[in-house]
Amino acid sequence: MRIRKLSLAALALAAFPALVITSPQVQSRAPATMQDQRDLAIQQSVEAIVAHSRGRVGIAAADLDGGGQVLINGDMPFPMASTAKVAVAATYLSGVEQGRLRLDQPFPMMMMAPGGARGSPAPLRAGPVMAAQQLMELSITRSNNNATDGLITAVGGVNVVNAWLTRSGIIGQHLDSTMATLVRDDGRSNPVTTIDTRTASTPRAMLSLLSAIDRGGVLSPQSRAVLLDTMTRTSTGKNRMRAGLPDGTVFAHKTGTLAGVTDDVGIIRLPDGRHLALAIFIAGPEGHTSHAIMIAEVTRALYDGYAQALPHTEMSDSRR
């Protein structure tokens with residue numbers, strides 16, 4: 001397996017009324033959060049920011065090294081949009097580890113084809129062929145849907161991605177369609193008033209996935225480095241999480257956007273080396289620009305709160 005040289009960034013990282021639930025399929029773990037005074041103060045700051053939203057906001061954040069967690073609507077399903085591409089990439093990398101796939105293996109991008117009745121999967125046709133790692137690069141850094149569907153097809157379909165999530169212990173997140181189908185059906189329901197559990201995740205489930213990737217629980221160190229390195233080069237959503245972080249902050253993330261939906265999820269490296277995992281999902285009528293401003297404000301509140309140095313005894317197991 002050939003893997004290109006990793007960047008220095010990768011090395012540095014190592015309740016709302018009138019809702020209709022369309023399906024009961026997405027479930028999440030029961031809340032079991034212990035918060036100290038620091039967590040409570042940070043949560044209050046975040047709650048003050050999201051109180052201005054006229055839609056649904058889901059947030060999950062955790063200091064992966066020092067401990068501590070913030071949850072707002074942590075067990076409510078939200079549309080994942082393109083943040084689902086993290087699980088797709090991780091599933092492919094798992095196949096590489098098993099020897100079934102290679103990063104230099106050629107696969108076609110999968111493009112939406114004409115036809116297809118409503119309620120059925122959007123038909124796909126083969127497009128340009130490129131190495132799987134190139135497909136992953138386009139899928140994550142530029143959120144290219146055709147490249148993502150190429151990876152989904154390469155691993156064997158969305159059911160294979162869901163099976164990987166289940167084996168990895170991620171409860172509350174699953175895919176129901178290709179990106180082509182997701183985009184074709186976008187806007188057919190109001191994400192503010194309808195909890196559409198198709199291709200959805202709870203904030204807690206996304207936090208669990210990010211944590212499992214960062215802690216090395218679901219991927220080998222090499223695969224973990226490939227995925228996080230790719231996520232550090234995400235070029236979309238510059239006015240979201242990135243806008244809320246100090247210049248030079250190392251972080252790996254993936255954005256997601258649909259009609260009325262603005263998401264950003266990722267892992268931030270704090271100044272002392274600790275890692276802050278963060279998932280922000282917004283479904284509201286304000287528009288993507290207003291959502292992005294809120295995401296940036298929430299990110300900064302969480303960064304400032306968790307960037308405060310911990311006592312030496314709490315830092316004993318933290319990354320430096």
Heavy-atom count check: over 12 atoms from other residues, nucleotides or ligands less than 6.0 Å from Arg142 CZ? no
Side chains of [X] and [Y]: is there a donor and an acceptor less than 3.5 Å apart?
X: Thr91; Y: Ser94; result: no
X: Asp264; Y: His253; result: yes
X: Ser82; Y: Ser143; result: yes

Apply side chain to side chain contact (heavy atoms under 4.5 Å, CB included) to residues Met110 and Thr178 and explain how you reach the verdict. CA-CA 10 Å; Met110 298 304 292; Thr178 61; over 6 Å; no
Is the closest side-chain heavy-atom distance between [X] and [Y] below 4.5 Å?
X: Phe107; Y: Leu101; value: yes
X: Val155; Y: Val88; value: no
X: Asp104; Y: Gln133; value: no
X: Asp36; Y: Asp39; value: yes
X: Gln222; Y: Val96; value: no
X: Met80; Y: Lys254; value: no
X: Met109; Y: Asn144; value: yes
X: Thr181; Y: Thr199; value: no

Looking only at atom types and distance, does a side-chain atom of [X] sit under 3.5 Å from a main-chain N or O of [Y], one as donor and one as acceptor?
X: Thr141; Y: Glu137; result: yes
X: Ser211; Y: Leu207; result: no
X: Arg198; Y: Ser177; result: no

Using the rule given for side-chain hydrogen bond (donor to acceptor under 3.5 Å, both in side chains), can you reason through Thr257 versus Arg240, listing the C-alpha separation, both sets of side-chain angles and the distance that settles it, and then say yes or no? CA-CA 11 Å; Thr257 308; Arg240 300 183 194 180; 2.7 Å; yes
Closest heavy-atom contact between [X] and [Y]?
X: Gly55; Y: Glu286; result: N-OE2, 3.9 Å
X: Gln134; Y: Met130; result: OE1-CB, 3.4 Å
X: Leu228; Y: Ile267; result: CD2-CD1, 3.9 Å

Could you walk me through whether Thr194 and Ser189 satisfy the side-chain hydrogen bond (donor to acceptor under 3.5 Å, both in side chains) test, starting with their C-alpha distance in whole Å, then the side-chain angles of each, then the deciding distance to 0.1 Å, before giving a yes or no? CA-CA 7 Å; Thr194 301; Ser189 64; 5.4 Å; no
Using a strict cut-off of less than 4.0 Å between a Lys/Arg side-chain nitrogen and an Asp/Glu carboxylate oxygen, indicate whether Arg125 and Asp149 qualify as a salt bridge. no
Could you tell me the separation between the CD atom of Gln173 and the CZ atom of Phe78, rounded to the nearest 0.5 Å? 13.5 Å
Applying the 4.5 Å side-chain criterion to the ILVMFWY set and letting contacts propagate, would Met179 and Met111 be lumped into a single cluster? no
Are Ile59 and Met294 linked, directly or through other ILVMFWY residues, by side chains that come within less than 4.5 angstrom of each other? yes
Worked check of side chain to side chain contact (heavy atoms under 4.5 Å, CB included) between Arg56 and Phe281: CA-CA 8 Å; Arg56 298 190 294 127; Phe281 298 135; over 6 Å; no
I'd like to know whether Met241 forms a side chain to side chain contact (heavy atoms under 4.5 Å, CB included) with Tyr303, so could you lay out the CA-CA distance, the side-chain angles of the two residues, the decisive distance to 0.1 Å, and finally the verdict. CA-CA 10 Å; Met241 283 177 57; Tyr303 179 92; over 6 Å; no
Please name all residues satisfying salt bridge (Lys or Arg N to Asp or Glu O under 4.0 Å) with Asp304, sequence neighbours left out, ordered by chain then number. Arg300
